[in-house]
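Presented below is the structure to which this report refers.
Remember, it's 1-based here, ligands and their atoms both numbered in the order they're listed. Just so you know, these numbers use all the heavy atoms, side chains as well, and skip hydrogens, waters and symmetry mates. Given the structure is predicted, the values throughout are model-derived calculations rather than measurements.
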Amino acid sequence: MSTTNQALQDWVTEVAHLTKPARIHWCDGSQEEYQKLVRSSDFMPLNPETHPDCYYHRSDPTDVARTEHLTFICTRNPEEAGPNNYWMDPAEANEKLEALFAGCMRGRTMFVIPYCMGPLGSPLSRYGVEITDSPYVAANMRIMTRMGSGALKYIEEQGQFVKALHSLGDLSPDRRFIMHFPEESTIKSIGSGYGGNALLGKKCHALRLGSWQAREQGWLAEHMLIVGIENPQGETHYVAAAFPSACGKTNLAMLIPPETMPGYKVWTVGDDIAWMRLGEDGRLWAINPEAGYFGVAPGTGPKTNANAVAMLNRNAIFTNVGLTEDNRPWWEGLSDESPKYDWRGTLYNPDKGPAAQPNSRFTVPSKQCPSYSPHSEDLSGVPISAIVFGGRRAKLAPLVYQAKDWNHGVLVGAGMASETTAAATAAVGVVRRDPMAMKPFCGYNYADYWAHWLSFAEKSDKLPKVFHVNWFRQDDNGKFMWPGFGENLRVLEWIVKRCQDQVAAVDTPIGYMPRPEDINTNGLKIAEDSLQTLLSVDTANWLSEMGDIRKYFADFGGRMPQTLLDELAKVIASLESETATA
Ligand code: SAT
Ligand code: MN
């Protein structure tokens, strides 16, 4: 196969000349092609009776998570990348990469994968072509994106596409780089076969290059799930929520209402990424650029996410989980049984660690989710009523609060922090600043990114309301104080009611908060004083948190938008006056 797009044809020829593959395969996205990919040596079929069309992949043990210190933004001017990114000069990066890519596909098949991020034909969708030598990547791209001839047709009609080059290289972390050239709409990744490093449509295109392009074109590319909350009156409100990797975005997107909240339905639009733009009505409209879920397996079980369990029994890929005696995928939190093998393929021994790698993953088509929204493929997207920011905070952050207006909401997002998780190769459980949950994914200077967010205030008076939630608060004994999972709907209910002006709130220095009696606790087992604690503001500790945020903002120097510094000063002044009167 080939293409009528000369730029694409030339690029494929040039890459083949450099990487020297044994053969070139243009992916058409067909089922037959997928069947061939999953029959390659990258995969092992799982039990066909319990898990028809499911395949298992084990990655190199040194290649199981995103490697942020090897991820670079390569702009001519380092200021464009900002202190939030690792930067490399494009010429230097290209020289390094040329040497690493030279001959790297010898003996391998080079897959050319035209893909579309977003529903085919949506004005919000964007196109790309990934070249890779990994059948695992090609198979995953088929699930995660609209991939193949359909996407190629649009690329040929429109001419625009992101060039995304990937090779496993020799999988050595010493020769691993994930480089982004936003000025050239190009991504080059070598040395890793792991999801976020290798499925280039996802974090690399949809977030890092996406956020860059979104600023140029006036929209938003965000690390957010999209969920529809249908109330007993039959009205659906869409919420977009940003949480860092492995903090429960997938679970929230697929939430099952508790039995004590009859009449509620929850609709899943997306679990990881939202692309949003202003509609003619002044509201923000969002699409999910992805077509599948690449979710964290451990902790996904019948109690925490029954919708996910129901969609994972067919037509899915499992990476780095454990295996039962009869060849079913298994991970901690799925069931009480004991697996036979761990993720490395050795006999499972609980003394030697978990059976499933903590960042092990499933890949599955979105459509298989029982709560898949009928509006997921709407070309104009869904209208967003609320934006929710959240982190994993054992202390300080209340269960929920609402920003006073859009600009304050930008501060709430920019001030986010969260305990780190296994989704990246670094220490786990350390509180780090993670504005808008985009720390690993913002493709340009955060100061400019916040300025871009702030710019929306002038463009519309129908923007979503902004909230912050924390499901992860712990008591002095380290026990979670809020039950989480399905019960989070109680908080979403308050959020939606706020959007409809149906419930009052307490005005505090950090934002508007519910009184304990404003949260629906019908049928919920929670101590009265827990809810009181979850909904209180610790003024002294918040002052010190604001001090940390101020210090963090100082790293961005003169590029910091004054409006955001003013918002911060307002909150500090309000906290201080509270201390003075106390
Ligand atoms: O590996 S991914 O980056 O795709 C998943 C995540 O960390 O959010
Ligand atoms: Mn993510």
Side-chain angles (χ1 to χ4, degrees), residues 57 59-60 62-71 115 117 130 132 134 136-137 139-141 143-145 164 166 176 178 180 187 189 191-211 221-227 240-254 268-275 288-300 308 317-321 356-364 366 388-392 416 418-426 428 432 434-443:
H57 173 81
S59 68
D60 189 281
T62 63
D63 186 28
V64 294
R66 280 180 290 101
T67 37
E68 292 176 5
H69 61 292
L70 304 173
T71 302
Y115 63 85
M117 301 311 292
E130 175 159 359
T132 179
S134 158
Y136 171 79
V137 167
N140 274 276
M141 285 294 284
I143 298 178
M144 296 304 298
T145 72
H166 170 255
R176 179 180 300 165
I178 300 95
H180 304 74
I187 304 155
S189 163
S192 168
Y194 171 75
N197 294 337
L199 310 177
L200 302 185
K202 195 174 178 54
K203 307 300 181 165
C204 302
H205 179 164
L207 288 177
R208 298 197 191 96
L209 294 198
S211 60
E222 300 301 325
H223 192 206
M224 292 179 178
L225 67 94
I226 308 166
V227 67
F243 303 101
S245 302
C247 288
K249 280 198 299 300
T250 307
N251 293 342
L252 189 66
M254 297 174 192
T268 311
V269 179
D271 81 327
D272 196 40
I273 300 176
W275 281 359
N288 170 13
E290 301 190 281
Y293 311 112
F294 183 66
V296 181
T300 305
I317 293 173
F318 297 89
T319 303
N320 295 335
V321 299
Q357 207 282 332
N359 191 40
S360 54
R361 298 267 168 168
F362 54 75
T363 323
V364 64
S366 307
V388 177
F389 295 116
R392 197 181 269 275
M416 263 173 75
S418 189
E419 291 150 30
T420 51
T421 69
T425 55
V428 167
R432 81 163 179 182
D434 191 352
M436 279 82 169
M438 284 285 278
K439 170 69 187 68
F441 309 120
C442 182

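- At under 3.5 Å, a nitrogen or oxygen of Lys203, whether backbone or side chain, sits near a nitrogen or oxygen of ligand 1.
- For the Mn ion (ligand 2), protein N, O or S atoms under 2.8 Å: 3 in total.
- Taking the centre and axis of the six-membered ring of Phe243, the NZ or CZ atom of Lys249 falls outside the cone set by 45° and 6.0 Å.
- A 4.5 Å side-chain heavy-atom check between Ser211 and Met438 finds at least one atom pair inside the cut-off.
- Proximity to Lys202 (heavy-atom distance under 4.0 Å) selects the following atoms of ligand 1: 4 (O).
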Go through the steps for Asp63 and Ser192 under the test side-chain hydrogen bond (donor to acceptor under 3.5 Å, both in side chains), then give the verdict.
-> CA-CA 6 Å; Asp63 186 28; Ser192 168; 2.6 Å; yes

Stepwise, does the side-chain hydrogen bond (donor to acceptor under 3.5 Å, both in side chains) test hold for Arg66 with Ser245?
-> CA-CA 10 Å; Arg66 280 180 290 101; Ser245 302; 3.0 Å; yes

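- Thr421 has its side chain out of reach of Pro244: every pair of non-hydrogen atoms, C-beta onward, lies at least 4.5 Å apart.
- The protein atom (non-hydrogen) at minimum distance from atom 6 (C) of ligand 1 is Ser245 OG, 3.2 Å.
- Interface of Ala423 with ligand 1, defined as ligand atoms under 4.0 Å from a residue heavy atom, comprises 7 (O).
- From Thr420, atom OG1 reaches atom CZ of Arg392 across 9.5 Å, with rounding to the nearest 0.5 Å.
- Residues Asn320 and Ser59 have side chains that bring a donor and an acceptor to within less than 3.5 angstrom of each other.
- Remark: Thr132 pairs with His166 by the side-chain hydrogen bond (donor to acceptor under 3.5 Å, both in side chains) rule, at least two apart or across chains.
- In this structure, the protein non-hydrogen atom closest to atom 3 (O) of ligand 1 is Arg66 NE, 2.7 Å.
- One finds the NE2 atom of His57 at 5.0 Å from the OH atom of Tyr136 (value rounded to the nearest 0.5 Å).
- Side-chain contact check for Ser418 and Asp434: no donor-acceptor pair (N or O, by modelled atom type) lies under 3.5 Å.
- To the nearest 0.5 Å, the span separating CD1 on Ile273 from CE on Met117 amounts to 6.0 Å.
- No N or O atom of Asp272 sits closer than 3.5 Å to an N or O atom of ligand 1.
- Within ligand 1, the atoms closer than 4.0 Å to a non-hydrogen atom of Phe294 are 1 (O), 4 (O), numbered from 1 in the order shown.
- By the 3.5 Å distance cut-off applied to N or O atoms, Gly196 is counted among the residues near ligand 1.
- Taking every heavy atom of Arg361 and a limit of under 4.0 angstrom, the matching atoms of ligand 1 come to 5 (C), 6 (C), 7 (O).
- Atom 1 (O) of ligand 1 has its closest protein heavy atom at Tyr194 OH, 2.6 Å.
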